[in-house]
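Let me begin by presenting the structure, written as C-alpha cells, before commenting on it.
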Amino acid sequence: MSHYEHFAPYDPHSIEPHWQAAWQEAGADAVRTEGDKPYYYALEMFPYPSGDVHMGHVRNYSIGDVVSRYKRMRGFNVLHPIGWDAFGMPAENAAIKQNSSPAAWTYANIDRQRQSLKRLGFSYDWDRTVITSDVDYYRWGQWIFLKLWEQGLVERKSSPVNWCPSCATVLANEQVLGDGECWRCHSHVQRKELEQWFFKITNYAQELLDDLDKLSGWPERVKQMQANWIGRSTGAEVDFTLCDADGEPTDELITVFTTRPDTLFGCTFFLLAPEHPLVQKLVAGTEQEAEVAEVVAAAASASAVERSKGEREKLGAFTGRYVVNPINDDKVPIWIADYVLMDYGTGAVMAVPSGDQRDFEFARKYGLPIPPVVIPEGEFFFNSLKNQPNRVMFEVLWNEAYDGPGTMVQSGEFTGMPGGKDSEGSAAVIAKLESMGRGRPTINFRLRDWLISRQRYWGNPIPAIHCPNCGIVPVPEADLPVVLPMDIDVTTGETLADRPEFYDVTCPQCGASAHRETDTMDTFTCSSWYYLRYTDPHNTELPFDRAAVDSWMPVDQYIGGIEHAILHLLYSRFFTKALRDVGLLGFDEPFENLLTQGMVKLNGETMSKSKGNVVAPEDMIARFGADALRVYILFMAPPDKDLDWLESGLEGISRFLNRLWRMIFDLVGAACENTFYEGPRDEAAAASASASAALTPEATAAARTVLRERHRVVGKVTEDIERFNFNTAIAAIMELANATGNYLRFAAPPARLADASQHAVDVELAETFIALLAPMAPHWAEELWQNLLGHSDSVHQQDWPAFDPALAAADELELAVQVNGKVRARITVAADAAEDVVQAAALAAVAAYIEGKEPKKLVVVPGKLVSVVV
RNA sequence: GGGGGCGUGGCGGAAUUGGCAUACGCAGUGGACUUAAAAUCCAUCGCCGCAAGGCUUGUGAGUUCGAGUCUCACCGCCCCUACCA
C-alpha cells in the first residue's frame with residue numbers, strides 16, 4: 001500500500017538515511033552465494049585512509065555501485081566489497097604532526113570514510129571489509145612472503161637502490177617518478193648501494209608481457225604502459241677482451257648487451273658507466289685517474305636531479321685502456337661516459353657512433369671516428385661502399401646517426417647483407433660470434449626486481465631473522481604473525497630498530513641469539529592480494545580458500561585511477577602468477593576487465609587541500625543529497641575522461657530528480673498539486689468528473705508515442721550501461737521524461753486514470769523510470785518503489801526492465817532526401833514501405849531541385865535517407 | 001627522442017557500422033503563474049543574414065552519392081615515458 005495519500009515533495013535528507021538503515025537492517029547488500037545464479041565480481045580500488053572521502057572516490061565508487069546494482073538486477077550473485085589500504089608513510093607523517101600514533105590516525109580516518117561511503121548509499125557487503133593494517137590480514141601477507149620465499153621468489157641482495165632522504169627509506173623503481181622524484185613526497189631520490197629485500201618479479205617478465213594479449217578488457221593505453229615498463233629488447237651479448245696497461249690482450253672479458261649486433265664493425269670505442277666497478281681498477285695510478293675521477297664525481301652529483309633537464313651534453317673521459325672487438329680484432333679505447341647506465345644491460349656499451357645518436361654526439365665531441373656500417377637504401381653517396389668489406393671511410397657525412405634498416409657495408413663477410421634491428425645481418429653476426437664462443441643471443445628486460453623492504457615503522461613486518469650462524473632464516477610458519485607493536489612513538493623518531501624486545505630473538509634453527517628483521521614491507525605488497533582476501537575474508541587457516549577464490553576470481557570488472565597503470569596493476573598481476581605457481585589459485589590474471597576513471601577537477605586543476613580548491617562530497621550530500629551527487633558525477637562526462645566540477649550541473653540533476661519524482665506521482669494518480677496538466681486539482685473534483693470520459697485523440701497519440709519511447713529508452717539504457725556510457729544512459733532517461741511530460745500535458749487525469757488499460761501503462765512507465773534509475777539513485781528509487789507504488793520488496797531485487805524492439809519501432813518514418821549531398825526535403829513513409837515507393841516519394845519531394853534532369857544515381861538507406869545524384 | 005590520446009556551440013558533452021551534426025544537460029533570452037521573489041511550466045537558443053538563403057565538427061587536400069567518423073599533410077593541446085645501448 002502506498003504511504004502517500006497526497007503528493008509530498010522529494011526530500012533526499014529524510015529518505016536517504018531511512019533506506020540506508022533499512023538496507024543495513026535487512027542485510028540487503030550481503031553477498032549471496034545461494035541459487036544457481038552466475039557470479040559477478042565488481043571491484044573498485046580500495047581507498048587509502050589519508051583523510052576524508054573526496055570526489056575522486058565518489059566517482060570511482062559510484063561507477064562501481066551502478067555496475068554492481070545493475071548486474072544484480074540482471075540476475076547475478078554479485079560480490080561488491082570494500083576495504084582500506086591502511087599501512088604507509090602518510091600515517092607516520094600525520095601522527096608526527098598531530099602528536100598522535102599512526103594507528104590512531106588511520107583508524108579514525110577509516111571510521112570517517114566508512115560513514116561517508118554509507119551516506120552515499122554504496123551497496124558494499126560490509127561484513128567482508130578488509131583493512132590491511134589488521135593483524136588478521138597482514139599475518140597472511142607474512143605467510144605469503146614465506147611461500148614466495150620457498151618458491152625462490154624472495155631475495156636479499158646488495159644493489160644500487162633509490163633512497164628518499166625525506167621519507168628516510170628506499171623505494172622501488174616504479175615509485176621513482178620520471179624526473180627522479182619520490183612518488184609520495186617529490187624529494188629528489190638518491191642512489192645508494194644497499195642490501196635490501198626483493199621480490200623476483202623479473203622471473204615473470206616474459207609472462208607479464210605475453211599475457212597482456214589476454215587482457216582484451218583492458219584499455220590499450222594501460223597495456224602499452226606496462227609493455228614499455230617491462231621493456232623487452234632482443235639482441236645479443238658480445239664479449240670484448242680487456243687489454244692490459246701495455247695494450248696486450250688478457251684473459252678477462254667484458255660483456256656488453258646490444259640490440260644491433262649488425263653494427264659491430266662500426267664500434268670504434270667502448271664505454272663503461274661511471275659507477276662500473278672496473279673503472280677504479282683500470283685507472284688506479286695512471287695519468288688518466290684524475291680526469292676519470294672528475295667525470296665520475298660529476299656524474300654522481302648530477303644523476304637524478306639533472307637527468308630530467310632536457311638534452312644534456314654528454315660527458316666522458318678516456319681510461320687509457322683498450323678492449324678487443326671479437327668480430328674484427330680491432331683494438332678500441334675504453335672511455336667512461338655519463339650516459340651509460342649501470343643498471344641497464346651490463347653497464348658497459350659497445351659504441352657505434354654512425355648508428356646511435358648518443359654515441360654519435362660523444363664521438364663528435366671527443367674526436368672519435370664514425371665509420372658508416374649500415375646505410376639506408378637509396379643513399380647515392382654510399383653506393384660505392386656497397387661492396388666494400390674493408391673499412392675505407394671513417395667519417396659519415398650525416399649530421400646525425402642512422403639507426404634504421406639498411407645495407408651493411410665495411411663489415412667484412414657480412415657486407416651487403418640487410419642490417420637493422422632484428423635483421424638477417426644481426427642474426428648472421430650473432431651466429432658467427434656464437435661459433436667463436438664470443439657472443440650469444442639474449443633477451444634483455446628493463447624491468448628490475450621489486451624492492452619491497454622499507455625502513456619504516458607503519459607497515460607489515462618482514463618475517464625474517466638474521467642469525468650469526470645460519471645467516472638469514474625465515475620466521476617459522478607456526479610463529480606467525482610477527483605482530484607490529486602498537487606502542488612505538490613515531491613522534492620521537494622511534495622505529496622498530498629501537499626496540500630490543502622486538503628484534504632480540506633466538507634463531508629458530510640453531511637457538512643462538514639472533515636479530516629479527518626490522519624493515520617492513522612496501523605497502524604495495526598489501527594491495528597486491530586484497531582482492532583475493534575479499535573472496536574469503538574470515539578464513540583463519542589460510543589467506544583464502546582455493547575453491548572460494550577460484551569461484552569468484554578473476555575480477556569481472558575492476559575500476560580505479562589511471563595512476564595505478566603500472567605500480568599496483570603490475571604488482572597484482574605478478575602476485576597472481578606467483579600464487580598460482582605456489583598452488584593457491586587456478587588462474588593467470590587477476591582482472592578481466594579494467595576501467596580507468598578520469599579525475600574530478602575544479603577549473604581544470606586537480607583538487608587538493610594544499611590548493612584549497614576541494615569540493616567536499618559531504619557538503620554536496622548535505623545540500624543536494626547523495627543520489628543527486630551520484631547521478632551528477634555519472635552524467636557530466638564519460639567515466640574515463642577527466643571531469644570539471646560545475647555546481648550548476650549538480651543543481652540541474654537535482655531538478656531532474658525532483659521533476660521525475662513529481663511526474664511519477666502524476667502517473668500513478670497520487671498527485672494533488674499537479675503541474676503537468678491543467679485538470680482538476682483535487683481528488684474530489686477528479687472523482688466528480690465523468691468516469692466515462694474518453695481520452696482525446698491527441699492524448700491517445702501521445703500515449704502511443706510515450707510507450708514506444710519507453711521501449712526504445714530501456715534498450716538504449718541497457719546498452720549504455722553495458723558499455724559504461726552512464727552519461728548517455730541518463731540522457732536517454734531524460735528523453736523519456738520529456739516524452740512523458742508531453743503525454744501528461746495532453747492526457748488529463750480524470751479520463752486517463754479512469755481508463756484501466758491506460759492506467760496500467762502509466763504504472764508501467766513509472767516502474768520503468770524507477771528501475772532504470774535504481775542503480776544510480778538507489779534511495780530515490782527505493783522510496784518511490786516501496787512507499788509510493790506500495791511494493792513490499794526492494795527495487796534492488798527486481799529484474800531489470802525488459803524491452804521489445806518491435807514495440808520501439810515506429811510505424812511511420814521520416815527520411816531525409818538529399819540532392820547532390822545536400823538535404824533538400826523530408827518525406828514521411830510507412831515503416832514497411834517498399835523501396836520503389838520510397839524512391840518515387842523522394843523524387844516527387846525534390847522535383848524542384850532536379851528540374852527534369854535524369855537522376856544519375858539513387859541510393860536508399862533504409863530508415864535513414866534517400867540520396868539523389870543528378 | 002619514443003609511445004598513447006584528443007581537437008564538435010558560450011560551457012559539459014552526443015552522434016553504435018561512413019547516412020538528417022550539435023541528442024541530453026548547464027548557462028542565456030522571452031513569456032505564464034506571483035503583490036514580489038523562489039520554485040514550476042511554456043517558448044526560444046550553432047554562426048552570418050530583415051529575409052530568401054548561405055556557412056559550420058582545428059587547417060588544407062583526398063576517397064565517396066554521402067565524411068565529425070576513413071586516408072595523407074599540417075597546426076594546436078593533453079597524458080605517459082625517457083640518455084634503455
Side-chain angles (χ1 to χ4, degrees), chain A residues 9 177-179 219-225 227-229 231-233 235 256-260 263 271 273 307-308 310-312 314 337-341 343-352 355-359 361-362 403 444-446 562-563 565-566 598 604 632 635-638 640-653 655-656 658-659 662 673-678 716 719-720 723 725 727-735 737-738 741 745 814-823 825-826 855-870:
Chain A
L177 305 178
D179 48 5
E220 212 48 51
R221 185 154 87 107
V222 174
K223 289 193 277 186
Q224 196 64 51
M225 283 166 72
N228 290 343
W229 187 261
R232 182 184 195 265
S233 304
V256 298
F257 170 75
T258 179
T259 56
R260 293 296 303 278
T263 63
L271 297 171
R307 221 166 253 185
S308 59
E311 291 288 294
R312 215 154 57 86
K314 304 195 174 0
D338 63 353
Y339 66 91
V340 178
L341 304 175
D343 52 8
Y344 182 78
T346 62
V349 171
M350 61 175 241
V352 181
D356 181 284
Q357 185 60 22
R358 294 156 299 170
D359 297 344
E361 285 165 23
F362 194 83
D403 60 7
N444 200 43
F445 290 94
R446 209 188 77 110
I562 186 78
E563 67 274 17
I566 296 173
Y632 166 70
F635 177 65
M636 282 305 274
D640 56 332
K641 279 187 76 169
D642 285 354
L643 173 152
D644 210 39
W645 181 265
L646 208 64
E647 197 166 295
S648 58
L650 177 54
E651 286 164 13
I653 290 296
R655 271 202 295 270
F656 166 65
N658 263 297
R659 176 170 168 242
R662 294 193 308 270
E673 297 284 337
N674 189 288
T675 48
F676 292 95
Y677 61 89
E678 297 294 325
K716 166 87 175 147
E719 214 169 283
D720 282 350
R723 294 188 307 167
N725 290 351
N727 54 332
T728 51
I730 294 163
I733 298 171
M734 288 170 169
E735 286 176 59
N738 292 344
R745 265 206 313 287
E814 194 185 63
L815 305 186
V817 184
Q818 293 183 334
V819 178
N820 292 341
K822 275 193 200 310
V823 177
R826 286 166 207 288
K856 249 193 286 183
K857 196 165 178 180
L858 205 62
V859 181
V860 178
V861 184
K864 303 272 184 187
L865 54 70
V866 181
S867 180
V868 185
V869 189
V870 293

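First the proteins, then the strands, lettered A, B, ... as listed; each starts at 1. Heavy atoms only: backbone and side chains are in, while hydrogens, waters and symmetry mates are out.
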Which atoms of nucleotides 65-68 of chain B (N or O only) lie under 3.5 Å from a protein N or O atom, and what are those distances?
unit_1	atom_1	unit_2	atom_2	d
B/rC65	OP1	A/Lys857	NZ	3.3
B/rC65	O2	A/Ser867	OG	2.7

- By side-chain contact (heavy atoms from CB on, under 4.5 Å), which residues pair with A/Asp343, not counting sequence neighbours? A/Arg191, A/Leu341
- Closest non-hydrogen atom pair between A/Val866 and A/Leu858, with its separation: CG1-CD1, 4.4 Å
- For the pair made of CG in A/Asp359 and P in B/rC84, what is the distance, rounded to whole Å? 10 Å
Every protein N/O lying under 3.5 Å from an N/O of nucleotides 2-12 of chain B:
unit_1	atom_1	unit_2	atom_2	d
B/rG12	O2'	A/Met636	O	2.7

- Value in whole Å for how far the P atom of B/rC24 lies from NZ of A/Lys716: 12 Å
- Item | Spacing between A/Arg446 atom CZ and B/rC80 atom P, to the nearest angstrom | 15 Å
- Message: Does B/rU16 have its OP1 or OP2 closer than 4.0 Å to a side-chain nitrogen or oxygen of A/Arg723?
- Response: no
- Name the stems that RNA chain B belongs to, where each is three or more consecutive Watson-Crick or G-U pairs with both distances under 3.5 Å? B:1-7 with B:75-81, B:10-12 with B:24-26, B:28-32 with B:40-44, B:46-48 with B:53-55, B:58-62 with B:70-74
So which protein N/O to nucleotides 56-58 of chain B N/O distances come out below 3.5 Å?
none

- Query: Taking OP1 and OP2 of B/rG25, is either one under 4.0 Å from a side-chain nitrogen or oxygen of A/Asn738?
  - Reply: yes
- Task: Could you check how far CZ of A/Arg232 sits from C1' of B/rA85, rounded to whole Å?
- Result: 17 Å
- Query: Do we get A/Lys314 above A/Tyr339's six-membered ring, with its NZ or CZ under 6.0 Å from the centre and within 45° of the axis?
  - Reply: yes
- Query: Should A/Asn727 be listed as having a side-chain N or O under 4.0 Å from OP1 or OP2 of B/rA14?
  - Reply: yes
- Reckon A/Arg659 has a side-chain N or O less than 4.0 Å from the OP1 or OP2 of B/rA39? no
- Query: Looking only at side chains, do A/Gln224 and A/Glu220 share a donor and an acceptor under 3.5 Å apart?
  - Reply: no
Enumerate the protein-to-nucleotides 27-31 of chain B contacts in which both atoms are nitrogen or oxygen and the separation is below 3.5 Å.
unit_1	atom_1	unit_2	atom_2	d
B/rA27	OP2	A/Arg655	NH2	3.2

